[in-house]
Amino acid sequence: MRLVLIALALLPMAVQAQPPKLPQPFTSLQAVVDAAMEDAKKKTTLPLEVVSSEEVTWRDASLGCPRRGSGFAQMLVPGYRVQLRAGSRQFDYHASARGALVLCPQGRSETPAPPDTTR
């Protein structure tokens, strides 16, 4: 009995929590398209078509997909926008170059910042 109690007492030390897996930065527009297609395939069985894909700059950390009542850092965020279609259903994916990918619900999507013409 004593041995069982000792083993149970040591159990929390034996189980180590795994750190959360951080998103990997996107290295190309094609990598974002691939990630969006992979996610969309989980949501539909219809064939997917890429409607558009582009590098953009988002106006803030919401990646152009703000949620009511949430605050987001006000900074320009380099990223991507990928629009897919499956039948009559549209998928609007917004991403950051750092690896965040968001499926933006219809009606919540904002346009990216205009291109920087001073470069």
Heavy-atom pair with the smallest gap, counting every atom of [X] and [Y]:
X	Y	value
V51	R85	CG2-NH2, 3.2 Å
D60	A73	CB-O, 3.2 Å
V82	S53	CG2-CB, 4.2 Å
G64	C104	O-SG, 4.0 Å
A86	L46	O-CD1, 3.8 Å
E110	P66	OE2-CG, 3.3 Å

Qualifying residue for side chain to side chain donor-acceptor pair (under 3.5 Å) with D92, from Q106, R108, R81: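 Among Q106, R108, R81, the one meeting side chain to side chain donor-acceptor pair (under 3.5 Å) with D92 is R81.
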From [atom1] ([X]) to [atom2] ([Y]), nearest 0.5 Å:
X	Y	atom1	atom2	result
E54	Q83	CD	CD	7.5 Å
S52	L84	OG	CG	8.5 Å
F91	K41	CZ	NZ	12.0 Å

E38, CD atom: more than 12 neighbouring heavy atoms under 6.0 Å: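 Check fails, neighbour count at 12 or below.
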Any donor-acceptor N/O pair, W58 side chain to M75 backbone, under 3.5 Å: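 Not a single qualifying donor-acceptor pair exists.
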Q74 side chain vs F72 backbone, donor-acceptor pair below 3.5 Å: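 Side chain of Q74 to backbone of F72, a donor-acceptor pair under 3.5 Å: yes, one is there.
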Sole residue of V102, L101, L63 in side-chain contact (heavy atoms from CB on, under 4.5 Å) with Y93: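 With Y93 as partner, side-chain contact (heavy atoms from CB on, under 4.5 Å) holds for just one option, L101.
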For K43, salt bridge (charged side-chain N to carboxylate O under 4.0 Å, His left out) partners two or more places apart: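 K43 satisfies salt bridge (charged side-chain N to carboxylate O under 4.0 Å, His left out) with D39 only.
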Any P105 side-chain heavy atom under 4.5 Å of C65 side chain: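 P105 vs C65: side chains touch.
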Check: Q30 and V33 side chains under 4.5 Å, non-hydrogen atoms: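 Side-chain contact under 4.5 Å: yes.
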Ring geometry between F26 and Y80 (parallel below 30°, tilted from 30 to 60°, perpendicular above 60°):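 If you compare the ring of Y80 with that of F26, the planes turn out perpendicular.
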